[in-house]
Amino acid sequence: MSDQAHIVLIHGLYMRPLVMRPMARWFEAQGYSTSSFGYKTTSESLELNVENLSSHLSSINANEIFLVCHSLGGLLARAYVASVGEDHTIRKVVTIGTPHQGAAIARWMKSKKLGSLLGHSMEKGLIKNRSDWDLDIPLGSIAGDGGIGFLPLIKGNAEPSDGTVSVSETHIQGETDHIVLHYSHIQLIMVAEVYEKALCFIKHSNFTSDSSGSS
């Protein structure tokens, strides 16, 4: 096993692993090895996504593995960890713009007969999901309130959002820590401040620690 900690990056809906490359390069500059897990967000079942993620994780030669996930990727990570129970190698999970409560925008699309655009992603927690995290892995959730996107158009500006996912949807009962940053849904995977907060959680299990130790 390698002593170098490894971070697995998991992209969101309609995306490809390439979108996580800027984040990967940043983590690599901090001394971590990385890999990006790619999956078909709409045309493959949740079960197949979980199976493929399990195979990807099994191929990693590292003592410590961390998951950093954007949007739907966080729901996939939750499904994977729940499926394996205590038989896992994951140290911590960071979700970025993940709708842990399900996504209002997905429910709206389904109500307007646009569910076919979501495909199998609807069964991955976008419509309805468990709202609790009762696993033994620290989970940190990063939300955005930049508000640039489609969600404010269908819901008005009644509550803060990143334009796609509302801040309230990114909370999950049992989360270890939660933070809101002023970025849109896509910006959340493009800016260094988000990377820094994710790394802070990986090291300290919170988003605000200034200490030099790790946990």
Quiz item: With E28, which residues qualify under salt bridge (charged side-chain N to carboxylate O under 4.0 Å, His left out), at least two apart?
Solution: R21

Quiz item: Just wondering, do L9 and S35 contact through their side chains at under 4.5 Å, heavy atoms?
Solution: no

Exercise. Answer whether the closest heavy-atom distance between the side chains of V8 and T34 falls below 4.5 Å.
Key: no

Practice problem: Decide side chain to side chain donor-acceptor pair (under 3.5 Å) for H120 and S45; before the verdict, give the C-alpha distance in whole Å, the side-chain angles of both, and the deciding distance to 0.1 Å. | Solution: CA-CA 6 Å; H120 282 287; S45 68; 5.8 Å; no

Practice problem: Please examine the side chains of Y14 and L72, heavy atoms only from C-beta on, and report whether any two atoms are closer than 4.5 Å. | Solution: no

Quiz item: For L18, which fellow cluster members are found when Ile, Leu, Val, Met, Phe, Trp and Tyr are connected by side-chain heavy-atom distances below 4.5 angstrom, either directly or through intermediates?
Solution: none

Practice problem: Check each of Q101, H178, E175, H100 against T170 using the side chain to side chain donor-acceptor pair (under 3.5 Å) test, and report the only one that passes. | Solution: H178

Quiz item: Hey, any chance L46 and L117 share a hydrophobic cluster, counting ILVMFWY side chains that come within less than 4.5 Å of each other, even indirectly?
Solution: yes

Quiz item: Counting distance only, does the side-chain N/O of T98 pair as donor-acceptor with the main-chain N or O of T95 below 3.5 Å?
Solution: no

Quiz item: Cut-off 3.5 Å, side chains only: do Y195 and Q30 have a donor facing an acceptor?
Solution: no

Quiz prompt | Heavy-atom pair of closest approach, residues D145 and P160 | solution = CB-CB, 4.1 Å

Self-check item: From CA spacing to verdict: side chain to side chain donor-acceptor pair (under 3.5 Å), H171, S141
Solution: CA-CA 7 Å; H171 277 290; S141 177; over 6 Å; no

Self-check item: Hphob cluster co-occupancy, L188 + M190, side-chain heavy atoms under 4.5 angstrom
Solution: yes

Quiz item: Do we see a donor-acceptor contact under 3.5 Å between the side chains of K203 and S209?
Solution: no

Quiz item: Taking C-beta and beyond as the side chain, do L57 and I90 meet within less than 4.5 Å on heavy atoms?
Solution: yes

Practice problem: Give a yes or no answer on whether the side chain of K197 reaches the backbone of F207 with a donor-acceptor pair at less than 3.5 Å. | Solution: yes

Quiz item: Which residues pass the salt bridge (charged side-chain N to carboxylate O under 4.0 Å, His left out) test with E64, sequence neighbours left out?
Solution: R91

Quiz prompt | Check: I202 main-chain N/O paired with K92 side-chain donor or acceptor under 3.5 Å | solution = yes

Quiz item: So, does S54 use its side chain to make a donor-acceptor pair with the main chain of V50 at under 3.5 Å?
Solution: no

Quiz item: What pairs meet the salt bridge (charged side-chain N to carboxylate O under 4.0 Å, His left out) rule with one or both residues in residues 65-80, with sequence neighbours excluded?
Solution: none

Quiz item: What do you reckon, is CD of Q173 surrounded by more than 12 foreign heavy atoms closer than 6.0 Å?
Solution: no

Quiz item: If you round to the nearest 0.5 Å, how far is OG of S71 from CG of L13?
Solution: 6.5 Å

Quiz item: Would a 4.5 Å heavy-atom cut-off, applied to side chains only, mark V194 and I189 as touching?
Solution: no

Quiz item: Hey, what do you get for CD1 (I179) to CD (E193), rounding to the nearest 0.5 Å?
Solution: 7.0 Å

Quiz item: Linking Ile, Leu, Val, Met, Phe, Trp and Tyr through side-chain heavy atoms less than 4.5 Å apart, which residues share a cluster with V180?
Solution: V167

Practice problem: Could you tell me whether the side chain of L199 reaches within less than 4.5 Å of the side chain of Y32, counting heavy atoms only? | Solution: yes

Quiz prompt | Pairs satisfying ring pair (Phe, Tyr, Trp, His ring centres under 6.0 Å), at least one member in residues 35-65, at least two apart | solution = H11-Y39, F37-Y39, F37-H56

Exercise. Show your working on side chain to side chain contact (heavy atoms under 4.5 Å, CB included) between D177 and F201 and close with a plain yes or no.
Key: CA-CA 8 Å; D177 201 2; F201 188 85; 4.1 Å; yes

Exercise. Locate the shortest heavy-atom distance separating H6 from A62; write the atom from each residue and the value.
Key: CB-CB, 3.8 Å

Quiz prompt | Short side-chain to backbone donor-acceptor contact, D132 and D134, under 3.5 Å | solution = no

Quiz item: Taking the side chain as C-beta and beyond, is there a heavy-atom pair between N206 and C200 under 4.5 Å?
Solution: yes

Practice problem: For the residue pair Y80 and I10, establish whether any side-chain heavy-atom pair is separated by less than 4.5 Å. | Solution: no

Quiz item: Any link between L53 and V84 through a network of hydrophobic side chains (Ile, Leu, Val, Met, Phe, Trp, Tyr) touching at under 4.5 Å?
Solution: yes

Self-check item: G74 to C69 - nearest heavy-atom pair and separation
Solution: N-CB, 3.4 Å

Quiz item: Is there a donor-acceptor pair closer than 3.5 Å between any side-chain N or O of Q187 and the backbone N or O of S184?
Solution: yes

